[in-house]
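Quick notes on the structure that follows.
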Amino acid sequence: METIPQDVWEDEHNRLRIFTPEEFSFKENLNYLSRSADECMFDILDEKIYRALPLKNETALIEMSAETDRIIHVRFFSNTTPEYISDRAEVATYIWNWFDLETNLQPFYQLAKNDPLLHEPTARFFGLRNVGLPNLFEALAWGIIGQQINLSYAYTLKRSFVEKFGDQVENYWLFPRPEKIARLHVEDLFDLKMTARKREYLIGVAKLITNGELSKAKLLAAEDFKTAETMLTRIRGIGPWTSNYVLMRCLRYPSAFPIDDVGLQNAFKLMLGYKEKPTKEEIRHYAKNWQGWETYATFYLWRMLY
DNA sequence: GACCAGGTGGGGA
DNA sequence: TCCCCACATGGT
């Protein structure tokens, strides 16, 4: 991503201030990030987010809080390393991208006003963003780990994966690097209580990223959304669901739509008062109104489930 | 104990 | 193309 414009952030001594668009609420995004007590990639304490940011040439430990609900206050902290972070713009850009602040949500909120499914979630969670997974390997691994198992168990698996193969900076974890996973064999991942297939998928994807066959740049350079989707589904272990999930959360394609998702089906059940899962046709019917905004529609519907 | 989890690949009709 | 099954384990 290009460096963000000068006028949306300020650099002051040991802190940054990020001025977000109107359609942003720190509180809503904080609530979203608080959804699992088992999350291992960041901590939330006293309405502040703490995490390690993997930058190009350094790791920043940051604390994010709300100066107002629309101004993000970023403080650098560290017990053992110099607090000086050389590239402040990179930090601001990372956060801008992480909270998807480049997207103008006005058209989405406009179409949601008259939408039977989106009306309620967009009103209740105004300012919530598609909080992303900027790291491609992390997004793919999280998708693979989460396939077909319940979310709380998925968080447990992710934690054991991260704690076994990730790097720790003080008390914060960096997601395992694909270079490291690419060198492993399925047996090395035996402790992780997931299927042998998933272990193969993780290693396979790590190899593709390591040897350069797969990258964000290549996926973003795809001619169109369908091409990017196919680039991913050709990879063993990545079906339509994982492909769309990653195109949503990492590449930020606005039309990504994991139509087979159980969570999406449950959100439909909830919103329409159904006892049974909706059919794919029913989902397509309602989704006609969301064209170009399927990612945000899905994200807000998922939000209704917790 | 059965059935379902933020599915997928592989085999067979 | 479509259907069926195995997959490992936890939650309910």
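Residue numbers begin at 1 in each chain, while the letters A, B, ... track the order of the sequences. Only a predicted model underlies this, so the values are computations on that prediction, with no experimental measurement involved.
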What does [X] touch in the nucleic acid at a heavy-atom separation under 4.0 angstrom: a base, only the sugar-phosphate, or nothing?
{"X": "A154(A)", "value": "nothing"}
{"X": "P240(A)", "value": "sugar-phosphate"}
{"X": "T156(A)", "value": "nothing"}
{"X": "I144(A)", "value": "nothing"}

### Message
One thing to verify: whether E47(A) and K27(A) come together as a salt bridge, which I'm taking to mean a side-chain N less than 4.0 angstrom from a carboxylate O.
### Response
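Between E47(A) and K27(A) there is a salt bridge, with a charged N closer than 4.0 Å to a carboxylate O.
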#### Entry: Toward the 5' end of DNA chain B, by each residue's nearest nucleotide, L151(A) or G237(A)
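Here L151(A) is the residue nearer the 5' end.
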### Message
With a cut-off of less than 4.0 Å, is there a side-chain N or O of R197(A) near OP1 or OP2 of dA8(C)?
### Response
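No, R197(A) has no side-chain N/O under 4.0 Å of OP1/OP2 on dA8(C).
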### Message
Using OP1 and OP2 only, check whether a side-chain N or O of T242(A) sits under 4.0 Å from dT8(B).
### Response
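Looking at the OP1 and OP2 atoms of dT8(B), one of them is under 4.0 Å from a side-chain N or O of T242(A).
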### Message
Is the distance between the ring centroids of Y155(A) and W142(A) under 6.0 Å?
### Response
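Centroid distance W142(A)-Y155(A): below 6.0 Å, so yes.
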### Rounded distance in Å - CZ (R234(A)) to P (dG9(B))
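Roughly 13 Å, once rounded to whole Å.
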### Query
Any idea how F108(A) and Y296(A) line up, ring-wise: parallel (<30°), tilted (30 to 60°), or perpendicular (>60°)?
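F108(A) vs Y296(A) ring planes: tilted.
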### Query
With a distance cut-off below 6.0 Å to the six-membered ring centre and an angular limit of 45° from the axis, does R35(A) pair with Y32(A) as a cation-pi contact?
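Yes, a cation-pi geometry holds between R35(A) and Y32(A).
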### Query
If you take atom types as modelled and just measure distance, does the side chain of N150(A) reach the base of dG10(C) with a donor-acceptor pair under 3.5 Å?
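By the distance-only test, yes, there is a pair.
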#### Entry: dA5(B) versus dC2(C) - spacing of their C1' atoms, nearest Å
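It works out to 24 Å between them.
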